[in-house]
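First the proteins, then the strands, lettered A, B, ... as listed; each starts at 1. Because only heavy atoms are used, hydrogens play no part in the values below, and waters and symmetry mates are left out as well, while side chains stay in.
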There are 2 protein chains.
Amino acid sequence: MERPIDIRARILEEATRLFASQGFDGTSIQAIAGAVGIRKPSVLYHFASKELLHQAVLDEVLSRWNEVLPDILLVSSEESRFERVMDAVTSFFMEDPDRARLLLREILDRPEEMSRRISTFVRPWIDVVAEQLERAKRRSRVRESLDPEAYAMNVLSMIVSGIAIVESLSVVFRDDPSRKSHDRFVAEMIRVARASLYPHEVSADLGKHLEPHDG
Amino acid sequence: MERPIDIRARILEEATRLFASQGFDGTSIQAIAGAVGIRKPSVLYHFASKELLHQAVLDEVLSRWNEVLPDILLVSSEESRFERVMDAVTSFFMEDPDRARLLLREILDRPEEMSRRISTFVRPWIDVVAEQLERAKRRSRVRESLDPEAYAMNVLSMIVSGIAIVESLSVVFRDDPSRKSHDRFVAEMIRVARASLYPHEVSADLGKHLEPHDG
DNA sequence: CCTACCGATCGGTAGG
DNA sequence: CCTACCGATCGGTAGG
């Protein structure tokens, strides 16, 4: 039972989990090896250095991001593009909150390196979305006072950070059934993003991302 | 010139800066000693262990928080309380973005410990603000669909995270005069928080936090 | 993929 | 506040 299958993938999996929760400096190769069930030099056989393993973990997250986003930009009509992108980004990070924690840590740990990555991976579709919002503004379909680029970056930042830390924030809620306050926080995050976009009240289908939890 | 004055305060100052930018695990006592201009064991004379220094750094940030917030809650009228608290929180973290980075790192590194601290330091005034928002909702002064507790936590999360990482996100803007895109991001953050609160368009005095940079 | 081992650095102590 | 030093752990290598 449970044959090795692909040790390299197992190392990446555990490294992702540990880097996300303990940080790069807080995670030893020893700890990763232990989680996989092998010895330290075996990890270094598959990834020549800790830094290269770190790059591989980041590359995996960013390449999955690149699998999802371009399709959505192409497929969506201009009208629904922003909503679709926001839904896709939210789903992407809620699917595995370690992605959000990992990227947030990277921004804190290596701000200049991540600035370059953001230019490469984020700017292209921020540009597309911002352009669409700009046009929508001229047609008065979104608020006059909205700053399209700044708005798009704020929504992205809010989603990534929010999903990364929601578990620790949930203690504040007077709720109890564990998962409930997590969902309330995320649903309100989406409401804030939408409500600050449109000039009028909207009662859109909030909370659609939460369905998997509800059953 | 530049006499020692208070070495203990200097250690706290450099430790705060380094913990915020490199993280706890990424900062050695050696590095802190070097920044202060003393030797490693001298740091450990003033703070018996790295962990105790870490606690002292956090305690200082949280006690400054406690100096500012309670007064604002007491002084503000119920009508303006939320706006006042949001302004105070924004000012607090923009005054020294290391505070935001430090707290964000703590939430990522020690989620359970920080949950307890959040219960102690944040919940009390989230409760007050949420109660006010609840009453305002009944009087239809804020949006029907708004979840007061979740909204307050989202705004707090957005402010802390946004200020912590704004420098890395600013590369996306087509701006150039360096500081400008930083300000645009923060101004839009405040606009998003306000616009998603009220049922009607508001043209409040946005960007008042940005004055120090402009003048 | 392992055992055995490397120099460097870690947090921390002794003793002044 | 310093020099000198401790054991433990770090990332990484040799060699099979």
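The separation between A/Tyr45 atom OH and D/dG16 atom C1' is 13 Å, rounded to whole Å. Here D/dC2 presents its P atom at 6 Å from CD1 of B/Ile38, a figure rounded to the nearest Å. Rounding to whole angstrom units, CZ of residue B/Phe47 and P of D/dC1 are separated by 11 Å. Look at CZ on A/Arg8: it is 12 Å from P on C/dC1, rounded to the nearest Å. Counting to the nearest Å, the P atom of D/dG11 and the CD atom of A/Glu51 are 12 Å from each other. A/Ile11 has its CD1 atom 10 Å from the C1' atom of C/dC1, to the nearest Å. What separates CD1 of A/Ile29 from C1' of C/dC1 is a distance of 16 Å, to the nearest Å. Spacing between atom CZ of B/Arg39 and atom P of D/dT3 amounts to 5 Å, rounded to whole angstrom units.
Salt bridge absent: B/Arg64 and B/Glu67 never bring a charged side-chain N and a carboxylate O closer than 4.0 Å. Between A/Arg117 and A/Glu113 there is a salt bridge, since at least one side-chain N of the basic residue sits less than 4.0 Å from a carboxylate O of the acidic one.
Annotation for A/Arg39: atom CZ does not count as buried by contact number, only 12 or fewer foreign heavy atoms lying within 6.0 Å.
Considering only side-chain atoms of B/His46, the nucleotide from C/dC1, C/dG11, D/dC1 that sits closest is D/dC1.
Of the residues near DNA chain D, A/Gln30 and A/Ala48, the one whose nearest nucleotide (by heavy atom distance) lies more toward the 5' end is A/Gln30. Each of A/Pro41 and B/Asp25 lies near DNA chain C, and the nucleotide nearest A/Pro41 is the one positioned closer to the 5' end.
Counting any heavy atom pair closer than 4.0 Å across all strands shown, A/Leu44 reaches a base atom. Within the nucleic acid shown, B/Ser28 comes within 4.0 Å of sugar-phosphate atoms alone, with no base atom in reach, counting heavy atoms only.
Remark: C/dG16 base-pairs with D/dC1; criterion is Watson-Crick or G-U wobble with both hydrogen-bond distances under 3.5 Å. Across all strands shown, D/dC10 forms a Watson-Crick or G-U wobble pair with C/dG7, both key distances being under 3.5 Å.
Judged by atom type and distance alone, B/Lys40 reaches the base of C/dG12 through a side-chain donor-acceptor pair under 3.5 Å.
Using a 4.5 Å heavy-atom threshold, the side chains of A/Val192 and A/Val155 count as separate.
Within the cation-pi definition used here (under 6.0 Å to the ring centroid, within 45° of the axis), B/Lys50 qualifies as a partner of B/Phe24.
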